[in-house]
S.K.: 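Got a structure here, written out as structure tokens. Questions coming.
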Amino acid sequence: MLTLYKSSRTLVVGTALATLLSTTSLLAAPYVYVPVGGAGQILVIDAETGKSVDTYTGLEAVHGLAGTPDGQLLIAGSYTERELGSGEPAKPQGVSAEDHAAHHAPKSAEAAATSDMMVSTVTILRQSSGEIIRAVDVPGAVHHVSVSPDGRYAVVTQPGNDAVTAIDLTTYEVVATVKSGSLPNYVVFSQDSNTLYVSNAGDNTIAVIGMDDWQVRTSIATGESPEHMVLTQDGNTLFVNNNDDGSVGSIDLASGQMTESYKIGDRLHGLDLSEDGTALLVAERDGDRVARVDLASGVVSTVPMAPEPYHLTTIPGSGLAMVSSSDENALRIIRQDDLSLVQKIELPDVGHQMVVAQSR
């Protein structure tokens, strides 16, 4: 059943948003880190006021972004490629020239023999200040980024190489590059940080990778062109957007089977669970809508949100969510329960994979 309704809420700005958030059980005002690749920046937005409080610069074509669970680091992936050896990333502040050169030197005969390969840069920053700690080369442009719940590894997807690459966040070294399937798009870790799930948009599967040896254990069949994913709080169910057939699939991880499919519309993108875990929020680009799926009843409700809602993330403790647009330099703050608009925030460019943190 599809129920379509329009939001009757009017735009709320500034102090009204702060009033709304003050009625919730927030322990601290959340901050949302928004990569705006075309501007080469990460914006830090105070979710309580809807205002940008800081800008981290020097990040070329940043698209994927993830944060460590302890709130110490941000890991930013670049969608720009260059030939290995044709020019290295800028030296981060606080890193000696010798250490920087050693870090980016070929680490084996094999690496030296393939010095004309295409690479991109994953930048590791201090979350609190934006200070660049390390720049790590990985093979191919990076689309999305994820960090393991134990904070040990960052994994980036590289659709052009049909692979994902893992970086050890204790050493800042690449530890594995795994061929996961055709056009890997998004990554989710199991709660125990032992298993990695990768959506392969090109072959309609989710690769299940064991992190003890970084090998693909099995593949799970999905709908057409699986992309963004989200794991339930109990770790038992994985939801995946199937972009080309406009559905969200519910996958039981114990059996490896898709148990439910919710039809949304066309060309799905951002996906997240409401903070109480009872509903899915889904961005539908071609329909210019955001959908809410009630998981108990299966009822899908939508509201118009033109143009082209894109990345989407809920803001824990607030009852709110943020939605970017692929066709407008703006973010919208909406309510999780009825998808009504609270505030619109202008950006210098399109917003991509967002990170929410309770403090800086």
Side-chain angles (χ1 to χ4, degrees), residues 30-45 47 50 52 56 59 61-67 74-79 141-147 156-157 159 184-188 199 201 225-231 239-243 246 248 264-275 280-292 302-303 305-316 318 320-336 339 341-357:
Y31 293 89
V32 183
Y33 296 81
V34 184
V36 280
Q41 302 173 348
I42 297 172
L43 297 186
V44 185
I45 295 176
S52 176
Y56 301 162
L59 300 159
V62 57
H63 187 110
L65 186 69
L74 292 172
I75 295 86
S78 173
Y79 219 40
V142 171
H143 196 191
H144 292 116
V145 183
S146 186
V147 172
V156 302
T157 61
N185 186 282
Y186 213 78
V187 178
V188 169
S199 58
S225 188
E227 295 191 353
H228 285 221
M229 301 182 291
V230 63
L231 187 68
F239 294 101
V240 56
N241 271 349
N242 299 306
N243 183 61
V248 179
I264 306 297
D266 298 320
R267 206 166 162 226
L268 308 184
H269 205 78
L271 174 71
D272 208 351
L273 279 161
S274 62
E275 57 190 288
L280 287 168
L281 305 184
V282 190
E284 182 194 349
R285 291 177 66 181
D286 278 2
D288 291 332
R289 304 182 302 179
V290 171
R292 185 180 191 276
T302 66
V303 296
M305 203 163 294
E308 293 198 17
Y310 192 37
H311 285 264
L312 182 155
T313 187
T314 56
I315 306 173
S318 70
L320 302 174
M322 276 192 174
V323 186
S324 68
S325 167
S326 62
D327 196 43
E328 182 182 25
N329 300 338
L331 283 175
R332 287 168 174 80
I333 297 178
I334 62 173
R335 291 177 175 83
Q336 295 177 28
L339 308 182
L341 180 66
V342 174
Q343 184 177 3
K344 180 179 176 181
I345 302 168
E346 301 298 328
L347 300 177
D349 208 277
V350 171
H352 297 287
Q353 185 183 11
M354 296 173 276
V355 171
V356 180

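Sequence positions, counted from 1, serve as the residue numbers for this chain.
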S.K.: Heavy-atom distance under 4.5 Å between the side chains of I42 and V34, does that happen here?
M.R.: no

S.K.: Go through the steps for R332 and V290 under the test side-chain contact (heavy atoms from CB on, under 4.5 Å), then give the verdict.
M.R.: CA-CA 11 Å; R332 287 168 174 80; V290 171; over 6 Å; no

S.K.: Quick one, V230 and L280 - any side-chain contact, counting heavy atoms below 4.5 Å?
M.R.: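 The answer is yes; the side chains approach within 4.5 Å.
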
S.K.: Among all residues two or more places apart in sequence or in another chain, which pass the side-chain contact (heavy atoms from CB on, under 4.5 Å) test with V355?
M.R.: Y33, L65, L74

S.K.: Are the aromatic ring centres of Y186 and H143 under 6.0 angstrom apart?
M.R.: no

S.K.: Is there side-chain contact between S326 and H269, with at least one heavy-atom pair below 4.5 Å?
M.R.: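 No, every pair of side-chain atoms sits at 4.5 Å or beyond.
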
S.K.: Atom CD of Q41 and atom CG of L43: how far apart are they, to the nearest 0.5 Å?
M.R.: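 Here the rounded value is 5.5 Å.
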
S.K.: Spell out, as yes or no, whether a donor-acceptor pair under 3.5 Å connects the side chain of R335 to the backbone of V342.
M.R.: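 Judged by distance alone, no pair lies under 3.5 Å.
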
S.K.: Quick one: side-chain contact (heavy atoms from CB on, under 4.5 Å) partners of A61, sequence neighbours excluded?
M.R.: S78, Y79, T80

S.K.: Do N329 and V36 make a side-chain contact, defined as non-hydrogen atoms from C-beta onward lying under 4.5 Å apart?
M.R.: no

S.K.: State, with a plain yes or no, whether a side-chain heavy atom of M322 is found less than 4.5 Å away from one of I315.
M.R.: yes

S.K.: To the nearest 0.5 angstrom, please state how far the CD atom of E284 sits from the CG atom of N243.
M.R.: 10.5 Å

S.K.: Please give me the minimum heavy-atom distance between Q353 and V145, naming the atom from each residue.
M.R.: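 Smallest interatomic distance, heavy atoms only, reads NE2-O, 2.8 Å.
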
S.K.: Output, in order, the C-alpha distance, side-chain angles, deciding distance and verdict of ring pair (Phe, Tyr, Trp, His ring centres under 6.0 Å) for F239 and H228.
M.R.: CA-CA 8 Å; F239 294 101; H228 285 221; over 10 Å; no

S.K.: Is it the case that the side chain of H144 and the backbone of N185 share a donor-acceptor pair, with hydrogens and angles ignored and the cut-off at 3.5 Å?
M.R.: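 Answer holds: yes.
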
